[in-house]
Structure formats: C-alpha cells, structure tokens
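All remarks here apply to the structure that follows.
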Amino acid sequence: MSMDRKVVGFIGLGVMGEPMCRNLATKADVTVVAQDISPAPLERLAAHGVKTAPSIAAVGKEADIVFMSLPSGEIVSEVVLGKDGLLSVAHKGQIIVDLSTSPVDLMRQVAKALGEKGAHFLDAPVMRTRAAAEAGTLATAVGGDRKIYDLIFPLLNTFASDITYCGDVGCGQIVKILNNMVLFETVVALSEAYAMGSAAGMDPQVLFDALSKGSGDSFALRNHGMKAILRGDFPGRAFSVKYALKDLKYALRLAEQTGVDASGARNVKGWFERAENAGDGDCYWPVIARLIGKAIGKGA
C-alpha cells in the first residue's frame, strides 16, 4: 500500500497533537481527517486542509491509517475499545497508531483485538517538547510489525526527526515509559543537588555550570535543571505534574509486572503526590524541586 492519496485520520489535537497533525497535513501527500472534543484546533487546522470528522467512528470508517494523540492510556482504551470506538469500525488492512503514552499491556490488548478484525496496530509514543512538535523534530519509539512500520515511516517522518524501531507491539511504550522514569529520577537528583548546594552557600548557577562540565552532565541538567529549576520557572500549559505522575504510574505498573523493585521510581512518585497535594498538579513537573528544597531546608 502506497501512502500517496491515502486518507489519514488524526484523533486528539492537544498541545502535541495539533502541531503533529498540521505537519502531517502540510508535508505528506495524503488527505487528513481529524477529530477532537474541542472545536478550536479543528478550526485552525482547516486552514491547512484538514477535514473535520463528526465522530471517532467517522474517522475510523474513512481513514486507511489512524493516528491517536491522547492524554492517557485510559482514553486510548475508550477511543479504540469503547462503544462506537475504532474497533467497532476497523477493517482489514487498516493501520492504527498510538502516539500517546500508554501502558504496555494495554497496547498488546488493543493489538490483539484489532488483529482479530484484520487491522494492524503500532505503538509509537513521541518524546521531546512542544517546540519539537511545532518544528516537526520529535523523537518516537515504535513497536509493531516491521513491515507496517516501514510503510508508515514517511508519515512519522513528517513530525519526528528521530524514529527508532524497537520491536514488537508494546516495545515503543517500554522505551517511552522508561525514558520518562529515568528523566524524572535524574531531576530529583538535580533538585537535591540544587537544594543542598544552595543551603551550603554555593551559587546554584555556578554549581550547575560546573556539573555540566563533569560526569554529572545530562540532558536533564541542561534543560530541566538550567531552564526550569534555576529560574524557578514552572508554568502551566506544559508537561504537568499530573501527566508526569500518570506516566510514572505506568512505569511502576511495568515494574510490578516484571518483578523489579523500582525504589527510585517510587521515590519520585512520592514527590509528585506531594506536589499535587500542595496545589502544584498543573505546574510544569520540575516544580518538585521547590518542594525538595523546602524539605531539605527543614532537615527532612
């Protein structure tokens, strides 16, 4: 199946989904039909030739390939497996791709259900920032049939510049979930370093600059540390504590299923829950640095 002149569906036009859909519509030789609970992104995307579908089922009926960018695995489950969801209208040869962050076992359940109707499923969760989504330079890790991956690669490439085939269905989510877990744990360590260094009389800017020249250097330091923790900049409309906690719970779910004692991840979960209890659930998730600093200052 060639991608030329195919109908591609897109469900979920939030902070990441809207720019991904726009890049897809403007860079690929396909017809794009989209659906979202909010009319605003649909109205903006109409200027780029994106058609509006009246329902999820309508997207599924019309599209040869359907991308989903949704807030949680629970919503992915509803969109695919729920009443009048994609499964209800899935047809032989159709390809469904989840760009969201979802539980590994759910991905395998969805793939099995769609496979029984002759449809194909890939998990391709995206990584990097909203700015990368706008620029079309996201990273994605993909799980599923290699031939189907090769087929949709040109479409993924419209919004992702780094694309890694990871193995069978679920492997994309394993990479994404563990990537986030490692990042969260690293930022906890940076937050502790920031708080201890400051309390001991060190200029935190000098501390982080020095760390960036040593073996403590990392993406987390240069981005979350220097751009958020140092500046005390934890805005809304970014990747919030609430969403970070959701992703971390998927990692802990995987830890339980694989018999791993993920104590570092459980520690992060505690800080995320404290942040929510402090009213910071909608703030950019490195806001936990503020709480860690207060805790260390009290000798906790």
Practice item. Any side chain to side chain donor-acceptor pair (under 3.5 Å) involving residues 181-201? Give me the pairs, sequence neighbours left out, ordered by first then second residue. Key: none

Would you list the atom pairs, donor with acceptor, under 3.5 Å between side chains in residues 242-249 and any protein atom, with sequence neighbours excluded?
residue: Lys246; atom: NZ; partner: Pro71; partner atom: O; Å: 3.1
residue: Asp247; atom: OD2; partner: Asn180; partner atom: ND2; Å: 2.8

When the side chains of residues 89-96 are checked against the rest of the protein, which donor-acceptor pairs come out under 3.5 Å, sequence neighbours left out?
residue: Gln94; atom: OE1; partner: His91; partner atom: N; Å: 3.4
residue: Gln94; atom: NE2; partner: Gly60; partner atom: O; Å: 2.8
residue: Gln94; atom: NE2; partner: Ala63; partner atom: O; Å: 2.9

Practice item. If a pair satisfies salt bridge (Lys or Arg N to Asp or Glu O under 4.0 Å) and one of its residues is in residues 214-233, list it, with sequence neighbours excluded. Key: Asp217-Arg222

Check your understanding: Does anything in residues 114-127 pair up under side chain to side chain donor-acceptor pair (under 3.5 Å), and if so which pairs, sequence neighbours excluded?
Key -> Lys112-Glu116

Check your understanding: For Phe219, what are the other residues in its hydrophobic cluster, where any two members join if their side-chain heavy atoms are less than 4.5 angstrom apart?
Key -> none

Review point. Once you round to the nearest 0.5 Å, how far does CZ of Phe239 lie from CZ of Arg128?
Key: 15.5 Å

Check your understanding: Sequence neighbours excluded, which residues qualify as ring-ring contact (aromatic ring centres under 6.0 Å, His included) partners of Phe184?
Key -> Phe272, Trp285

Review point. Backbone N or O of Leu13 within a donor-acceptor pair of the Asp36 side chain at under 3.5 Å?
Key: yes

Study note, to complete from the structure: Closest non-hydrogen contact found for Cys21 with Ala34 is SG-CB, 4.3 Å

Review point. So does Lys213 pair up with Asp209, basic N to acidic O under 4.0 Å?
Key: no

Exercise for review: Evaluate side chain to side chain contact (heavy atoms under 4.5 Å, CB included) for Asp282 paired with Val241, printing each intermediate quantity in order.
Suggested key: CA-CA 6 Å; Asp282 292 324; Val241 169; over 6 Å; no

**Study point:** For Tyr165, all residues meeting ring-ring contact (aromatic ring centres under 6.0 Å, His included), sequence neighbours excluded
**Key:** Tyr149

Point to revise | Salt-bridge present (Arg22, Glu134; N to O < 4.0 Å) | key: yes

Point to revise | Side-chain heavy atoms of Leu155 within contact of Lys27, under 4.5 Å | key: no

Exercise for review: Could you list all the side chain to side chain donor-acceptor pair (under 3.5 Å) pairs where at least one residue sits in residues 259-269, not counting sequence neighbours?
Suggested key: Asp261-Arg266, Lys269-Glu273

Point to revise | Contact summary for Thr140 and Pro125, nearest pair of heavy atoms | key: OG1-O, 3.1 Å

Exercise for review: State whether Asp29 and Lys6 are salt-bridged, where the test is any N-O pair (Lys NZ or Arg NE/NH1/NH2 against Asp/Glu carboxylate O) under 4.0 Å.
Suggested key: no

Study note, to complete from the structure: Correct closest heavy-atom pair for Gly12 and Leu70 would be CA-CD2, 4.0 Å

Point to revise | Residue pairs passing the ring pair (Phe, Tyr, Trp, His ring centres under 6.0 Å) test where at least one lies in residues 24-47, sequence neighbours excluded | key: none

Check your understanding: Do Ile163 and Asn157 have side chains that get closer than 4.5 Å, going by heavy atoms?
Key -> yes

Point to revise | Pairs flagged by ring pair (Phe, Tyr, Trp, His ring centres under 6.0 Å) wherever residues 17-73 is involved - sequence neighbours left out | key: Phe67-Phe159

Review point. Quick one: side chain to side chain donor-acceptor pair (under 3.5 Å) pairs with a partner in residues 102-111, sequence neighbours left out?
Key: Asp98-Ser102, Asp105-Arg253, Asp105-Gln257

Review point. Which heavy atom in Ala28 sits nearest to a heavy atom in Thr158, and how many Å separate them?
Key: CB-CG2, 4.1 Å

